[in-house]
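Computed from a predicted model, the values in this text were never measured in an experiment. Sequence lines set the chain letters: A, B, ... in the order given, protein chains first and strands last, and positions in each chain run from 1.
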There are 2 protein chains.
Amino acid sequence: MGRWAPGAAQRLPQAAMELFAERGFEATTVAEIADRAGVTERTFFRYFADKREVLFAGQEQFASAFIDAIDAAPDGAALADLVAAAAAAGGAVLQQARGREFARARHAVIAANEQLQERELLKLAKLAAAVAERLKARGVTAVAAQLGGDLTVSVFSDAFNRWIAPGETRDLVALQRESLAALGELAAGVTQPLKARRA
Amino acid sequence: MGRWAPGAAQRLPQAAMELFAERGFEATTVAEIADRAGVTERTFFRYFADKREVLFAGQEQFASAFIDAIDAAPDGAALADLVAAAAAAGGAVLQQARGREFARARHAVIAANEQLQERELLKLAKLAAAVAERLKARGVTAVAAQLGGDLTVSVFSDAFNRWIAPGETRDLVALQRESLAALGELAAGVTQPLKARRA
DNA sequence: CCAGTGATGACAGATGCTGACATCAGCTGC
DNA sequence: GCAGCTGATGTCAGCATCTGTCATCACTGG
C-alpha cells in the first residue's frame, strides 16, 4: 500500500455521518469531511462522485438481496410471493448489516435535507427498475413487472418507515407483512369493481 | 410594470427546455438560459430555486388534481376507487395541459440526466405523501394510506411511461386501467396465501 | 538498484448559487 | 407636476461543489 493510512474509503463515510449529524448536510463542507478523515478534498471526490454519494456507499449488497431473492424463488411462485420475498430479503440484510439504531441515525440525516432525499429516491427507483427487470426475465408481463418493481419498493419503504419510528420494536419483516396485508385489502376492491362496476 | 419586457417567468422555462433539448442539461449554463430569456443569471435564481427547478414550474395544478379528486369522491368510496380516481384526474390534467408530444419532449430531457430524474422523483414522492395525507383525512388507516399514496403514484407513473412510448396512441386513462388490472391480479395472490399459506 | 504502478497532494478553473446594494419605471399622494 | 415609495432587475463579490492536470512518493518486481 501507499504511504498514507489505509481505509480512507471507510473513514470518509464515517466522518461524513458524524458531521452531517452534528451540523447538518448543507452546513458541512467537503473540505471538513476530508480533514476529519485525514485526506484532501480532492481525494474525497476520487472515492465519491459527489458530496451526497458518501451516504450511500455499499448499497450494492442491499440491492442484490432483492435481486437474488427473486432469482432464487421456485418456478411456480406467484408475483405476489416474489414481491414479498424480495422485500423480506432486503429487510433482512438491512437489519443484520447495521441494525435499527444506525438506520434511524442515517434516516434522520437524510430526512433533514431534500438533496439527500432525492438521492435516496433515485437509488430506490433504480432498485425498482432492477426488480422489474428480473421479474420480466421470469416471464412476468411488462406491465405487471413494472408495477411489481414499484410495489416491492413501496412495501419495503412503507414498512421501513414504521420500523424506524420512535418506540417501534417489531421486526422489519413483520411490518412488511402488515403492509402486504393492506395491499391485499386495497387490491381486493380493485379487481371486482373493474369488471362489475355499473353492472 | 417595470421597464423590462414582462413574462420572464414564462420565457425562462421555454428557453431552458430549448437549450436542454439542444445540448443537454449539463452542457447548458444558467447564464445561457438567462441570456436567451433576456435577463441576467441573478434573475433566473430569483424565479427558480435552482437550475433543475425551471423544468418543474407549475406542478401545483397537476398535484392538486390528485388531491381534489380524492376530496371530491363520494363518502363510501373504496380505497381502490380513490386511487383510481386520483390517478385518472392527474392523467386528465396532463393530457389537456400540454399534450402527449410536449410530455415526450420533456421526458426525453429528464430521462437523459440523473439530476433531473432525482428532482422528478422528489416531486412524485411529495405527491404520494400529499395523497396519503388526504386519504388519512378520510379515515383510511395510516398503513393503508401510505401504501395508497405510493400506489396512486405508481399506477400513474407506470401508465405514463407507456403513454409516452413511441407509437403508443391509446389514452392515458385507458393505460391506467391496464395498470390497475395488473395490480388487481397481483394482489389477488397476496390476500389468500397470507392466511392460507402452509395450511 | 531502478523503472513502473497506484494512491494522493497541489493547483487552477468552470459553474452553481447567495447576499448586499444600486438602479429605475410606474404608481401614489399631495 | 413632483417627491417618495415599491417592485423588479442589474451589478458585483464571494463561497462551495466538482473537474482536469501534473507532481510526488511509497511500494513492487526484476
Side-chain angles (χ1 to χ4, degrees), chain A residues 1-58 109-110 112-120 122, chain B residues 1-20 22-58 109-110 112-120 122-123:
Chain A
M1 293 299 159
R3 71 207 115 138
W4 301 272
Q10 279 69 44
R11 290 197 311 273
L12 281 167
Q14 188 184 339
M17 262 287 290
E18 292 170 10
L19 288 166
F20 293 166
E22 287 170 21
R23 349 178 172 166
F25 176 77
E26 298 196 31
T28 304
T29 69
V30 174
E32 289 167 344
I33 301 170
D35 270 357
R36 182 170 294 205
V39 297
T40 60
E41 185 180 330
R42 190 66 185 85
T43 293
F44 177 95
F45 286 110
R46 286 198 177 97
Y47 281 97
F48 304 100
D50 58 47
K51 185 182 167 186
R52 298 175 232 171
E53 199 65 18
V54 71
L55 274 182
F56 299 86
V109 168
I110 292 176
N113 184 273
E114 290 202 341
Q115 293 183 58
L116 293 173
Q117 291 169 47
E118 288 183 333
R119 180 56 48 85
E120 175 140 279
L122 182 65
Chain B
M1 296 298 163
R3 68 205 117 140
W4 301 272
Q10 279 68 45
R11 290 197 311 273
L12 281 168
Q14 188 183 340
M17 263 286 290
E18 291 170 11
L19 287 166
F20 292 164
E22 286 170 21
R23 352 178 168 164
F25 176 77
E26 299 196 30
T28 304
T29 68
V30 175
E32 289 167 347
I33 301 170
D35 270 356
R36 181 168 294 204
V39 297
T40 61
E41 186 181 331
R42 190 67 184 87
T43 293
F44 177 96
F45 287 110
R46 287 200 177 97
Y47 282 97
F48 304 99
D50 59 47
K51 184 181 166 187
R52 299 175 231 171
E53 198 65 19
V54 70
L55 273 182
F56 298 86
V109 168
I110 293 176
N113 185 273
E114 290 203 340
Q115 294 183 56
L116 293 173
Q117 292 169 47
E118 289 183 331
R119 180 57 47 87
E120 175 140 279
L122 181 66
K123 299 284 186 189

Salt bridge (Lys or Arg N to Asp or Glu O under 4.0 Å) evaluation trace for A/R46 with A/E41: CA-CA 9 Å; A/R46 286 198 177 97; A/E41 185 180 330; over 6 Å; no
Let me know the distance between CG of A/L12 and C1' of D/dC18, rounded to the nearest Å. 15 Å
Using a cut-off of less than 4.0 Å, is there contact between a side-chain N or O of A/T43 and OP1 or OP2 of C/dA7? no
Once you round it to whole Å, what is the distance between P of D/dT19 and CZ of A/F44? 11 Å
Between atom CD of A/E120 and atom CD of A/Q115, what is the distance when rounded to the nearest 0.5 Å? 14.5 Å
Are B/K51 and B/E26 ion-paired here, with the side-chain N under 4.0 Å from a carboxylate O? no
Phosphate oxygens OP1/OP2 of C/dA10: is one of them under 4.0 Å from a side-chain N or O of A/T40? no
Answer yes or no: side-chain N or O of B/R46 and base N or O of D/dG7 forming a donor-acceptor pair under 3.5 Å. no
In short, B/A16 meets B/V54 closest at the heavy-atom pair CB-CG1, 3.7 Å
Whole-Å gap separating C1' (C/dT8) and CD (A/E41): 14 Å
So does A/R42 reach the base of D/dG20 with its side chain, donor to acceptor, closer than 3.5 Å? yes
Given atom NZ of B/K51 and atom P of C/dT18, what is their separation to the nearest angstrom? 14 Å
OP1 or OP2 of C/dT8 less than 4.0 angstrom from a side-chain nitrogen or oxygen of A/Y47, does that happen here? yes
Output the rounded distance in Å from CZ (A/F45) to P (C/dA14). 18 Å
Taking C-beta and beyond as the side chain, do B/R11 and B/R36 meet within less than 4.5 Å on heavy atoms? no
Euclidean distance, atom CD of residue B/Q115 to atom P of C/dG16 [Å, nearest integer]: 10 Å
B/L19 CG to C/dG16 P: how many Å, rounded? 12 Å
Which is true for A/A49 with a 4.0 Å heavy-atom rule: it touches a base, it touches only sugar-phosphate, or it touches nothing? sugar-phosphate
Whole angstrom is fine here: how far is it from CD in A/E32 over to P in D/dA16? 8 Å
